[in-house]
Amino acid sequence: MARLPAPLPYQTQVAIFSRLRDANPAPVTELQHQNPYQLLVAVALSAQSTDAGVNRATEDLFDRIHTPQQMLELGQDGLTEAIKTIGLFRQKAQNVIRMSQILVDDYGGQVPSSRAALMSLPGVGRKTANVILNCVFGQPAQAVDTHIFRVCNRTRIAPGRDVDEVERGIEDNIPAEFQQNAHHWLILHGRYICQARRPRCPICPINDLCPYEEKTA
DNA sequence: ATCCCGAGGG
DNA sequence: CCCTCTGGAT
């Protein structure tokens with residue numbers, strides 16, 4: 001059984017996140033949705049779909065729909081039509097409608113603040129719940145998606161064999177001053193630079209601090 | 001472990 | 001043409 005590589009030392013973490021911060025001065029994705037309900041829907045829709053696709057599909061939708069009540073008025077057919085361009089759209093539309101009904105019935109139309117309540121919603125798993133806990137309620141929950149899992153392991157910012165290990169690694173190893181925005185920067189880095197199939201190491205801002213090898217092409 | 005599924009990229 | 005994509009539910 002292979003042992004886990006050690007996480008990068010503190011000073012290296014500071015250097016890495018300083019550069020990631022400077023490379024991405026303007027957080028976009030999360031801040032666009034200051035509305036917790038819209039963020040919940042957007043993240044629920046993002047499963048196995050491209051960020052560009054979800055952004056395109058929700059741009060018009062969120063102009064009109066700001067609350068679960070409004071979503072229920074739109075109805076499942078209306079929502080299905082609105083998100084037809086992203087994958088899994090039937091499932092997702094049904095989940096969002098059911099979720100919205102529960103929010104209205106059981107939570108006064110508000111987004112609940114406990115992990116258990118969030119994860120009991122249809123279409124909401126651990127990752128989506130943690131995004132809400134972190135971005136909406138400021139709790140120290142780390143949402144480890146495939147981007148973050150990959151980046152944390154390649155860079156050894158927070159090595160882990162599974163989501164739980166990476167989650168704890170992020171909390172334990174990333175300097176406190178960067179905890180708040182770590183989620184956002186790691187995702188952007190994974191999306192645009194540290195890509196799954198073709199990592200763009202030659203233009204990576206933390207190339208010299210990263211032990212990841214595949215520096216081909 | 002497997003299915004869900006359309007768009008975009010290589 | 002084949003593969004992947006900010007997961008979740010079974």
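In the text below, chain A, chain B and the rest are named by the order of the sequence lines, each starting its count at 1. Excluded from the calculations below are hydrogen atoms, water molecules and symmetry mates; all remaining heavy atoms, backbone and side chain alike, are included.
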Grab the two heavy atoms, one from [X] and one from [Y], that are nearest each other, plus how far apart they are.
X	Y	answer
R64(A)	L74(A)	NH1-CD1, 4.1 Å
R98(A)	P122(A)	CB-CG, 3.7 Å
I193(A)	P205(A)	CG2-CD, 4.4 Å
I157(A)	I174(A)	CG2-CG1, 3.9 Å

What is the separation between atom [atom1] on [X] and atom [atom2] on [N], rounded to the nearest whole Å?
X	N	atom1	atom2	answer
N134(A)	dT6(C)	CG	P	19 Å
W185(A)	dT6(C)	CH2	C1'	18 Å
E167(A)	dT6(C)	CD	P	19 Å
K127(A)	dA9(C)	NZ	C1'	16 Å
Q142(A)	dT6(C)	CD	P	19 Å
L40(A)	dG7(C)	CG	C1'	14 Å

Query raised in the report: Where along residues 114-125 of chain A does a heavy atom fall under 4.0 Å from DNA chain B?
Result: none
Query raised in the report: Quick one, which residues of residues 89-97 of chain A touch DNA chain B with a heavy atom under 4.0 Å?
Result: F89(A), Q91(A)
Query raised in the report: Nearest 0.5 Å, what's the CD1-OG distance between I132(A) and S114(A)?
Result: 12.5 Å
Report, one line per pair, each donor and acceptor closer than 3.5 Å where one atom sits in a side chain of residues 139-146 of chain A; sequence neighbours left out.
| from | atom 1 | to | atom 2 | distance (Å) |
| --- | --- | --- | --- | --- |
| Q142(A) | NE2 | Q179(A) | OE1 | 3.2 |
| D145(A) | OD1 | H147(A) | N | 3.0 |
| D145(A) | OD1 | I148(A) | N | 2.8 |

Query raised in the report: When rounded to the nearest Å, what value does the distance between P atoms of dC5(B) and dT10(C) take?
Result: 15 Å
Query raised in the report: When you compare dG10(B) with dT6(C), how far apart are their P atoms, in angstrom units rounded to a whole number?
Result: 14 Å
So, [X] side chain and [Y] main chain: donor-acceptor pair closer than 3.5 Å or not?
X	Y	answer
R150(A)	C194(A)	yes
T12(A)	Y10(A)	no
N207(A)	C201(A)	yes

Query raised in the report: Between the side chains of N130(A) and R115(A), is a donor N or O closer than 3.5 angstrom to an acceptor N or O?
Result: yes
**Report entry** Distance-only polar pair, side chains of T80(A) and K92(A), donor-acceptor under 3.5 Å
**Finding:** no
For nucleotides 2-5 of chain C, which of its nitrogen or oxygen atoms have a protein nitrogen or oxygen under 3.5 Å away, and what is each distance?
| from | atom 1 | to | atom 2 | distance (Å) |
| --- | --- | --- | --- | --- |
| dC3(C) | O3' | R197(A) | NH2 | 3.3 |
| dT4(C) | OP1 | R197(A) | NH2 | 2.7 |

Report task. Could I get the full list of ring pair (Phe, Tyr, Trp, His ring centres under 6.0 Å) partners for F17(A), not counting sequence neighbours? Result -> F178(A)
Report task. Would you indicate whether Q110(A), at its atom CD, is surrounded by more than 12 heavy atoms from other residues, nucleotides or ligands within a distance under 6.0 Å? Result -> no
Query raised in the report: Which two nucleotides bound the region of DNA chain B that has atoms under 4.0 Å from heavy atoms of chain A, read 5' to 3'?
Result: dC4(B) to dG8(B)
